[in-house]
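First comes the structure, then the notes that go with it.
Each chain gets a letter, A, B and so on, in the order the sequences are listed, and its residues count up from 1.
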2 protein chains.
Amino acid sequence: MEMPRAQPLYRQTKAALMRRMVDGRWRAGDMLPAEPALAAEFGVSQGTVRRALDELAQINLVVRRQGKGTFVAEHTRERALFHFFHLVGDDGKRALPGSRMLSMKAGAATREESRRLKLAAGTRVVRLHRLRMLDGRAAIVERIVLPASLYDGFERLDRASLPNELYKLYQERWGVTVARAAEKLKSALAGPEDAAHLGLRSGAPVLEIDRIAYALDGNPCEWRVSRCDTSAHHYVSEVV
Amino acid sequence: MEMPRAQPLYRQTKAALMRRMVDGRWRAGDMLPAEPALAAEFGVSQGTVRRALDELAQINLVVRRQGKGTFVAEHTRERALFHFFHLVGDDGKRALPGSRMLSMKAGAATREESRRLKLAAGTRVVRLHRLRMLDGRAAIVERIVLPASLYDGFERLDRASLPNELYKLYQERWGVTVARAAEKLKSALAGPEDAAHLGLRSGAPVLEIDRIAYALDGNPCEWRVSRCDTSAHHYVSEVV
DNA sequence: ACTCATATGTCTTATATATGACTTTGTAAC
DNA sequence: GTTACAAAGTCATATATAAGACATATGAGT
């Protein structure tokens with residue numbers, strides 16, 4: 001009699017592969033060893049490794065390219081746009097957003113911030129406030145909260161030089177890869193401040209997107225609330 | 001020299017299997033033949049059939065149950081709720097909606113309706129107007145447009161007896177299975193009529209969900225616009 | 001009737017092997 | 001130099017085989 005394995009072999013292999021990405025042994029953009037090499041190393045068949053890699057490719061943690069190899073996924077502009085940015089022009093065209101940083105401050109996490117980011121109360125956080133443009137017009141006001149411990153030295157960066165694609169920055173500078181995100185959407189009315197930034201009248205309808213981003217290790221690594229003017233754009237969602 | 005096949009064998013097999021569901025040879029809930037039987041019939045290996053079935057399972061067209069068999073997916077309440085209904089209470093609990101039909105009319109499709117449903121201009125459509133409840137309170141106003149040709153005799157149904165889960169009705173009565181849907185979300189202000197139905201003041205913010213549902217054959221089979229009161233609920237979206 | 005063991009049929013996991021397709025690199029020919 | 005071709009390395013496809021896990025039916029024994 002043998003205890004039933006908790007997980008099939010290919011899932012154990014998948015978890016082992018993932019651990020190497022989490023602990024930084026393989027970093028974004030790195031090429032993984034070839035399938036037969038991985039199979040030999042883990043003591044399983046190539047088919048088992050393939051199945052593990054296929055599942056990792058499915059959740060966009062690796063990219064497989066026939067003839068070239070398997071690579072740890074990077075946050076490119078395309079990936080950010082297609083996977084993490086769901087606002088699209090009403091004509092169907094995706095406009096990639098520009099952005100202007102309004103403010104950056106650090107401080108102790110509020111009760112709400114520590115709840116959403118799963119931090120101990122009072123942990124230090126960095127708060128960003130920025131305006132994003134679509135087709136040259138102000139369309140989104142974003143408030144971003146980051147656990148300061150994850151992004152060492154963030155507060156000392158020049159806020160004017162922060163890039164448009166923050167996820168890429170997190171990954172390149174601190175090895176924090178956003179693996180997935182959970183979004184909650186509501187309809188709200190623009191307050192005076194948001195309305196001014198967006199060039200709307202106070203009381204205009206805005207779409208509020210509340211997003212928690214999760215790192216490879218499963219922990220929250222960003223809380224972002226975006227208020228969007230949806231008069232010329234809309235949020236798209238594919239349901240299968 | 002051989003012409004490269006347009007599609008690998010497992011995709012051809014997948015398409016062949018899908019055709020049998022589209023043409024009604026296999027209907028919702030039916031059990032498919034076992035893998036070795038399918039492999040023999042199509043003249044491919046069991047592994048190839050497995051891969052085709054796995055992809056069908058991935059897009060929720062079949063359900064695989066170890067030890068029992070592979071079944072054509074049905075629109076159960078759970079499936080409708082988890083896959084096609086994205087409004088969740090702010091406390092995280094999913095409330096399954098009740099509904100009250102307000103009106104049902106048939107007529108010639110407007111230009112917009114025929115564009116969205118890909119119908120010839122002037123084709124006959126059925127229009128439904130209903131109110132949906134969450135936790136006993138009016139929360140959603142829905143306007144639904146159906147191509148009359150797909151749902152023969154729909155207009156003659158008793159509108160008071162229409163079920164809550166329309167997708168199940170489409171499937172059971174007309175063999176129309178909703179395979180996927182594309183949603184567009186916007187923030188809007190409640191007009192006087194919607195506000196009255198929802199118990200809101202006019203000018204309150206509502207979330208507008210514009211959904212085209214596609215049948216197995218890839219053609220649109222329903223256009224639905226839902227206006228939702230998101231003061232106590234929100235729309236959830238998982239990003240991978 | 002009820003229980004239990006067994007048999008059967010199903011999907012699931014795991015391995016091995018062979019072939020094809022794609023990419024890069026090295027090398028020979030020009 | 002440049003081109004053309006061959007070779008090697010990679011993932012992708014397809015097959016075959018075996019054993020495990022799960023569900024249900026069957027029948028013996030009580």
Any donor-acceptor N/O pair, B:E155 side chain to B:V126 backbone, under 3.5 Å
no
Keeping to residues at least two apart or across chains, list the side chain to side chain donor-acceptor pair (under 3.5 Å) pairs with something in residues 79-90 of chain B.
A:K186-B:D90, B:H86-B:Y235, B:D90-B:H234
Applying side-chain contact (heavy atoms from CB on, under 4.5 Å), can you list everything that pairs with A:E78, at least two apart in sequence or on another chain?
A:T76
List in chain and number order the residues that pass side-chain contact (heavy atoms from CB on, under 4.5 Å) with A:E165, two or more places apart in sequence or in another chain; answer none if no residue qualifies.
A:R77, A:A80, A:K168
Looking only at side-chain N and O atoms, does A:T48 come under 4.0 Å of OP1 or OP2 in C:dT15?
yes
Nearest whole angstrom, please: distance from the P of D:dG9 to the CE of A:M31.
12 Å
Taking only residues two or more places apart in sequence or in another chain, which ones pass side-chain contact (heavy atoms from CB on, under 4.5 Å) with A:N219?
A:D217
For residues 57-70 of chain A, pull every pair meeting salt bridge (Lys or Arg N to Asp or Glu O under 4.0 Å), keeping only residues two or more places apart or in separate chains.
A:E35-A:R64, A:D54-A:R64
Looking at A:T70, does any N or O in its side chain come under 4.0 Å of the phosphate oxygens OP1/OP2 on D:dC11?
yes
Donor-acceptor pairs under 3.5 Å, side chain of residues 156-163 of chain A to any protein atom, not counting sequence neighbours: which ones?
residue : atom : partner : partner atom : Å
A:D158  : OD1  : A:A160  : N            : 3.3
A:S161  : OG   : A:D158  : O            : 2.9

Going by heavy atoms closer than 4.0 Å, what residues in residues 33-42 of chain B are next to DNA chain C?
B:A34, B:E35
Expressed as a whole number of angstroms, how long is the span from A:K68:NZ to D:dA12:C1'?
16 Å
Atom pair distance, as rounded to whole Å: CD in B:Q46 and C1' in C:dA14
14 Å
Can you sort out which residues in residues 49-67 of chain A have a heavy atom within less than 4.0 Å of DNA chain C? Ascending by number, please.
A:R51, A:Q66, A:G67
In chain order, what residues pass the side-chain contact (heavy atoms from CB on, under 4.5 Å) check against B:R137, with sequence neighbours excluded?
none
In degrees rounded to 10°, what angle is found between the helical axes fit to the five outermost pairs at each end of the helix from C:dA1-D:dT30 to C:dC30-D:dG1?
10°
Write down the distance between CD (B:Q7) and P (C:dA21), rounded to a whole number of angstrom.
14 Å
Mind calculating the distance between OH (B:Y10) and C1' (D:dT15) to the nearest angstrom?
16 Å
List the atom pairs, with distances to 0.1 Å, where a side-chain N or O of residues 19-28 of chain B and a protein N or O form a donor-acceptor pair under 3.5 Å, not counting sequence neighbours.
residue : atom : partner : partner atom : Å
B:R20   : NH1  : B:E41   : OE2          : 3.1
B:R20   : NH2  : B:E41   : OE2          : 2.6
B:D23   : OD1  : B:R25   : N            : 2.8

Can a donor-acceptor pair be found, under 3.5 Å and without considering hydrogens, that links the side chain of B:E222 to the backbone of B:I144?
no
Partner residues of A:Y170 under the ring-ring contact (aromatic ring centres under 6.0 Å, His included) criterion, sequence neighbours left out
A:Y151, A:Y167
